[in-house]
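This report concerns only the one structure given below.
Owing to the predicted nature of the structure, the values given are computational and were not obtained by experimental measurement. The figures here come from the full heavy-atom set of this structure, side chains too, leaving out hydrogens, waters and symmetry mates. Counting starts at 1 for both ligands and their atoms, in listed order.
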Amino acid sequence: MISRAVAIVLSANLVLCNNCYWNDGSSYQLFSSKTPYDTVRGDIRDYPVPENCSAVTVWLLNRHGNRNPGDDDTDAMKVIAGLKDEIVDSFNAGKSKLCAQDVDDFKRWKWNETMEVSQSYLTGTGYEELYNIGRRIKERYPHLLKGSQDDFYFRTTNEQRTVTSSMAFVHGLTENSNLSLVVDGPWPRDDVIRPYENCDRYQKEVKYSQESSDQLDAYYKSPEYVAVQNNVQNRLGIPTQLSADDIYTFYDLCRYYRSWDPQLRSPWCSVFTKEDLVVLEYKDDVRHYYRNGYGSWISVSLGGPAVKDLYESMEASIQGNGKNLIAYFSHDTMIEMTACAMGLFKDNELFGATRNPERLWRSSVVGAFAANIMAVLNRCETSGQQSYKVQLFLNEKPIDLCPLEGCEWKDFREKFQSFSTANLDFCI
Ligand SMILES: *[C@@H]1O[C@H](CO)[C@@H](O)[C@H](O)[C@H]1NC(C)=O
Ligand SMILES: *[C@@H]1O[C@H](CO)[C@@H](O)[C@H](O)[C@H]1NC(C)=O
Ligand SMILES: *[C@@H]1O[C@H](CO)[C@@H](O)[C@H](O)[C@H]1NC(C)=O
């Protein structure tokens, strides 16, 4: 009996201790479209090249790295950041459930002015994410880093964050080599890596669709989300009444600021429990599913031209006029549309009102900062016979579509040849 009582007391203490953010090392790491690349990536250097094979062409579609928030989000964050003193006062008045150290961290916290003067710009963290992807590819496939500009093709979309990401990638890729490579674009209109921009049908029927906003409303009204809202209000004990939107702005302060901190911590995250973070992660999954994903056949079709480019790059290489490396720098919208065209992470349905913990569609994975889809064509030689094998990676991890030892070219062609006819005729 006595030992049981002790055990109960001990576990009660443990629970209290776990309620502090600052010393809880295992805090939840997935922050949907603001997840740092390192949290979800594998490492292309750790996977074997198929036996008796050598890589001849690498094709890569990359999201830009970590960036600053855009203007609306920055404005909203600045308003919520103004609650800092109220949060501290509430603690001093004994009305807060935050831990003392977490409140200390709030006191020390400062609004970051760079964010306001460079909205949506790539950050130093984002630069490193892309630089390191380039560096790892160089280390994995040093024999491909030969030749001249003609053996390479890179293109970016028309934004500071993607242009700078492409420069960071080329920096990592060519450092300490004699290669000097340039990036094509941005093109004023890019129907391969940003086709949705000029697709009227997408802009009208998908981007701001009624369904999408209904699903998001349902998410904000779900019992889970309302519980998070009440929990945060109670935990902080502040007089200001927090709206559903305000709670999400706390989440933005948490996930942006932590992504710039070497220890991946921000006091703004301390207002949430791990369970709260799991619920908050779901919003972008809903939003992206209906805007960029399986929620609309139009979004899925918009990934077609990129997969066509992938397939044709491999085919050209087999014909003897391929490139060593092709890389594009684009946006989460594009990575997600391309993944959908390939049939990855497919849930047949997803509802704002009810979160399915087993869902395959995860913006923390497919829409993370610097998320990427990579295809590697290998030329193989077995007893004098030449053949080709394709490996596919997402965030430098193998994906089910092809086994790690590679798809045989004929199987790959069977799956992907149909994309040769992909077009955007449906946009009009
Ligand atoms: C301010 O934000 C930028 C990103 O805009 C980040 O690189 C920098 O480290 C931040 N500074 C501080 C002190 O957190
Ligand atoms: C770069 O070029 C110089 C001069 O041609 C040569 O000595 C050096 O080995 C080259 N470096 C690399 C990494 O290829
Ligand atoms: C690789 O080549 C060797 C020598 O030709 C052969 O014995 C072996 O079976 C090959 N492996 C595969 C997987 O084809």
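- Close approach to Asn52 involves these atoms of ligand 3, each under 4.0 Å from a residue heavy atom: 1 (C), 2 (O), 3 (C), 8 (C), 10 (C), 11 (N), 12 (C), 14 (O).
- Side chains of Asn378 and Gln391: a donor-acceptor N/O pair is present below 3.5 angstrom, by distance only.
- Distances from atom 7 (O) of ligand 1 to the heavy atoms of Pro69, Gly124, Ser118, Ser259 show the closest one on Gly124.
- Inclusion of Glu381 in the set of residues having an N or O under 3.5 Å from an N or O of ligand 3 is not warranted.
- For ligand 1 and Thr114, the ligand atoms under 4.0 Å from any heavy atom of the residue are 1 (C), 2 (O), 3 (C).
- With ligand atoms numbered from 1 in the order given, ligand 1 contributes 4 (C), 5 (O) to contacts under 4.0 Å with heavy atoms of Asn68.
- Below 30°, between 30° and 60°, or above 60°: for His64 and Phe369 the angle between ring planes is between 30° and 60°, a tilted geometry.
- Backbone and side-chain nitrogen or oxygen atoms of Asn112 are examined, and one is located within less than 3.5 angstrom of a nitrogen or oxygen of ligand 1.
- Screening Phe106, Trp111, Tyr21, Tyr251 for a ring-ring contact (aromatic ring centres under 6.0 Å, His included) involving Trp268 leaves a single residue, Phe106.
- Remark: atom 14 (O) of ligand 3 lies closer than 4.0 Å to at least one protein heavy atom.
- For the 3.5 Å distance criterion, the side chains of Ser118 and Asn68 qualify, holding a donor opposite an acceptor.
- Inside a 4.0 Å radius of atom 4 (C) of ligand 1 there is at least one protein heavy atom.
- At a cut-off of 3.5 Å, with distance as the only test, a side-chain donor of Gln210 or Asp214 sits close to an acceptor on the other residue.
- Side-chain contact of Arg155 with Ser330: a donor-acceptor pair under 3.5 Å is absent, judged by distance alone.
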